[in-house]
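If you read the sequence from its start, that first residue is 1, and numbering goes on from there. All heavy atoms count here, side chains included; hydrogens, waters and symmetry mates do not.
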Amino acid sequence: GEYPKVTEKTEMKVDFPPELQNQIPDEIAQIVTSNHKRQIYDFIDSDDNWKITLTNNFLALTSNKYKCWEEFREHLLKPLDAITSIYSPPYFSRIGLRYKDLIKRSNLGLIGTPWCKLLSPYISGILSSTELCDFVENSASKIEIRLKDGTSLVRISHGIVIDTSDGESCYLIDSDFFNTEKTANEKVIEKLNYYNQMGTRLIQWCITDKLKGAMGQ
C-alpha cells in the first residue's frame with residue numbers, strides 16, 4: 001500500500017568480448033541472450049521519493065529524499081522482512097549501502113568559493129592547488145578502501161559533475177559500502193548500521209570545516 005506505482009521491465013544483457021562481437025552469428029547471440037533474461041520490478045511511492053527494486057537475485061531500496069538513516073532503515077525493514085519470511089534465504093551473498101552526496105555551492109551560499117576551500121586534500125587531489133583549482137574543468141577519481149571489519153570495502157567515486165538543470169559545476173562523492181561474503185539474515189541490519197556509521201565518518205573526512213559550517217554541522 002505504501003508503494004502504489006509498479007513498473008515491470010525485462011533486462012537482457014550479455015557482454016561478449018570485443019574481439020568476438022562481430023564473429024558470433026546472430027542466431028547464436030539470440031539464444032545466449034534469451035537465457036540471460038530477468039524481470040525487474042519497481043515499486044514506487046506516490047511522491048516518487050522511495051523505490052523498491054526486486055529481481056530474482058536482489059532487493060534494493062532507493063531514496064531521492066534521504067533525511068536520516070533511521071527513516072531509511074524503517075523503510076527497508078518491511079520489504080526485507082517480506083523476503084525473509086516468504087523465501088527464507090539461508091544467507092545474503094552481498095550486502096551494500098550506497099550514498100551519493102552532491103555538493104552544490106549555490107544551495108549553501110558558497111558560490112565562488114574554490115573547491116580547495118571546501119574539500120579536504122585527501123579527496124580533492126589537483127583541486128587542492130590554489131593556482132589550478134579555478135581552471136580545472138573536469139576531475140574524476142575512484143578508490144577502494146578495506147574497512148576495519150576485515151571483510152568489507154568502500155568504493156569511492158568522486159569528482160566534478162555538471163548539474164544539467166542549470167549548468168552549475170558540482171562535486172559528487174559516491175561511496176558504495178559492501179560485503180561480498182555470506183551474511184546471515186539476522187546480521188543484515190547490524191552490517192548496514194555499521195556501513196552507515198562509516199559513511200558518516202567518510203563524508204566528514206572528505207570535507208573541510210568551512211563546508212561543514214555551511215551545511216549547519
Open item on the list: Apply side-chain contact (heavy atoms from CB on, under 4.5 Å) to residues I83 and L54 and explain how you reach the verdict.
Closed with: CA-CA 10 Å; I83 286 290; L54 179 67; 3.8 Å; yes
Task: L147 to Y194 - nearest heavy-atom pair and separation - done: CB-OH, 3.7 Å
Task: Closest approach of I95 to Y195 (non-hydrogen atoms, all atoms of both residues) - done: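 That would be O-CE1, 3.8 Å.
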Task: Distance-only donor-acceptor check, side chains R73 and N196, under 3.5 Å - done: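 There is no such pair (donor and acceptor under 3.5 Å, judged by atom type) between the side chains of R73 and N196.
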For a 4.5 angstrom cut-off between non-hydrogen side-chain atoms, does [X] reach [Y]?
{"X": "Y91", "Y": "T183", "result": "no"}
{"X": "K5", "Y": "F43", "result": "no"}
{"X": "N64", "Y": "D48", "result": "no"}
{"X": "Q39", "Y": "T10", "result": "yes"}
{"X": "W115", "Y": "R105", "result": "yes"}
{"X": "T7", "Y": "Y41", "result": "no"}
{"X": "F58", "Y": "T53", "result": "yes"}
{"X": "S152", "Y": "M198", "result": "no"}

For [X], look at atom [atom1] and say whether over 12 heavy atoms of other residues, nucleotides or ligands are found less than 6.0 Å away.
{"X": "K104", "atom1": "NZ", "result": "yes"}
{"X": "K212", "atom1": "NZ", "result": "yes"}
{"X": "L77", "atom1": "CG", "result": "yes"}

Open item on the list: Please check: side-chain N/O of D47 versus main-chain N/O of N49, any donor-acceptor pairing under 3.5 Å?
Closed with: no
Open item on the list: Taking the basic N atoms (NZ, or NE/NH1/NH2) and the acidic carboxylate oxygens, is any pair closer than 4.0 Å for R94 and E181?
Closed with: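 A salt bridge is absent here (no side-chain N lies under 4.0 Å from a carboxylate O).
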- [ ] Run the numbers on Y66 and D101 for side-chain contact (heavy atoms from CB on, under 4.5 Å), then give the verdict.
- [x] CA-CA 10 Å; Y66 183 90; D101 293 294; over 6 Å; no
Open item on the list: Tell me if the aromatic rings of W50 and Y3 count as close, with their centers under 6.0 Å from one another.
Closed with: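 Not under 6.0 Å, so no.
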TODO: Would you mind telling me which of D174, T62, D176 makes a side-chain hydrogen bond (donor to acceptor under 3.5 Å, both in side chains) with R98?
DONE: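 The passing option is D174.
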